[in-house]
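Residue numbers run from 1 in the order of the sequence given.
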Amino acid sequence: QVQLVESGGGLVQPGGSLRLSCTASGTIFRIYAMGWYRQAPGSQRELVASITSDGNPNYADSVKGRFTISRDNAKNTVAVEMNSLKPEDTAVYYCNAFIRSTNLVASRVYWGQGTQVTVSS
């Protein structure tokens, strides 16, 4: 069993900041990559940022220069620092990870339950 738990969502004014964290737990052999997706009402789920096991980040064009993703391999945690937030950043943010479980040979993608981020004045 593997699960991802997010924290840090909430309400913030435009221009403000939030830090989202996600911790993976369970029968984990190796986490190859972790990241964040978001889904706004009426929109498709989209990649926000991801980071590989060797620390290479990838960002959506809409968040480059404002968001910073990081991970702590020892704690199986990924975080994203979101600065200069805009109303269009409002969405449910989902933690995502590509993980090999200790009791499985193949790896697969796991998802958190999501955390709401609302940017409004």
Side-chain angles (χ1 to χ4, degrees):
Q1 182 182 11
V2 174
Q3 63 177 2
L4 306 179
V5 179
E6 304 107 330
S7 64
L11 175 65
V12 65
Q13 294 183 341
S17 299
L18 283 175
R19 185 177 187 270
L20 305 181
S21 295
C22 171
T23 299
S25 62
T27 55
I28 298 170
F29 178 76
R30 183 177 178 183
I31 301 177
Y32 295 97
M34 301 186 78
W36 292 91
Y37 283 69
R38 68 186 181 188
Q39 187 167 17
S43 300
Q44 297 292 112
R45 188 173 298 186
E46 64 178 358
L47 173 71
V48 176
S50 64
I51 187 166
T52 60
S53 59
D54 57 353
N56 291 325
N58 183 48
Y59 298 96
D61 288 341
S62 60
V63 307
K64 285 182 178 178
R66 299 189 296 122
F67 292 11
T68 302
I69 191 168
S70 62
R71 66 184 293 173
D72 186 334
N73 292 335
K75 297 180 179 179
N76 293 332
T77 297
V78 63
V80 59
E81 181 72 31
M82 307 187 297
N83 300 312
S84 301
L85 284 163
K86 305 173 181 179
E88 50 264 46
D89 294 318
T90 296
V92 177
Y93 284 70
Y94 296 90
C95 183
N96 160 275
F98 189 59
I99 297 173
R100 180 184 173 184
S101 177
T102 54
N103 61 346
L104 295 173
V105 175
S107 301
R108 56 157 288 188
V109 173
Y110 294 86
W111 292 92
Q113 293 298 308
T115 184
Q116 177 70 47
V117 172
T118 302
V119 185
S120 177
S121 60

**OP:** With side chain to side chain contact (heavy atoms under 4.5 Å, CB included) as the test, would you mind laying out the steps for Val78 and Cys95 before giving the verdict?
**Re:** CA-CA 8 Å; Val78 63; Cys95 183; 3.9 Å; yes

Original post:
Under 4.5 Å between side-chain heavy atoms, hopping through other hydrophobics if needed: is there a path connecting Met34 to Val92?
Top reply: no

**OP:** Report the residues that fulfil ring pair (Phe, Tyr, Trp, His ring centres under 6.0 Å) with Tyr37, sequence neighbours left out, ordered by chain and then residue number.
**Re:** Trp111

Subject >> Partners passing side-chain hydrogen bond (donor to acceptor under 3.5 Å, both in side chains) against Lys75 (at least two apart in sequence or in another chain) >> reply: none

**OP:** Output all residues satisfying side-chain hydrogen bond (donor to acceptor under 3.5 Å, both in side chains) with Ser21, sequence neighbours left out; order by chain, then residue number.
**Re:** Arg19

Subject >> Under 4.5 Å side-chain linkage, directly or through intermediates, the cluster mates of Leu11 >> reply: none

Original post:
For Asp61, what residues pass the salt bridge (Lys or Arg N to Asp or Glu O under 4.0 Å) criterion, not counting sequence neighbours?
Top reply: Lys64

**OP:** Applying side chain to side chain contact (heavy atoms under 4.5 Å, CB included), run through Trp36 and Ile51 and close with a yes or a no.
**Re:** CA-CA 9 Å; Trp36 292 91; Ile51 187 166; over 6 Å; no

Subject >> Qualifying salt bridge (charged side-chain N to carboxylate O under 4.0 Å, His left out) pairs with a residue from residues 30-44, counting only residues at least two apart or across chains >> reply: Arg38-Glu46, Arg38-Asp89

Original post:
How far apart are the closest heavy atoms of Gly35 and Ile69, and which atoms are they?
Top reply: CA-CD1, 4.1 Å

Subject >> OH (Tyr32) with more than 12 external heavy atoms under 6.0 Å >> reply: yes

Original post:
Take atom CD in Glu88; do more than 12 heavy atoms of anything else shown fall under 6.0 Å from it?
Top reply: yes

Original post:
Does atom CD of Gln39 have more than 12 heavy-atom neighbours, drawn from other residues, nucleotides or ligands, at distances under 6.0 Å?
Top reply: yes

Original post:
Can you name the nearest heavy-atom pair linking Glu6 to Tyr93, along with the distance?
Top reply: OE2-O, 3.9 Å

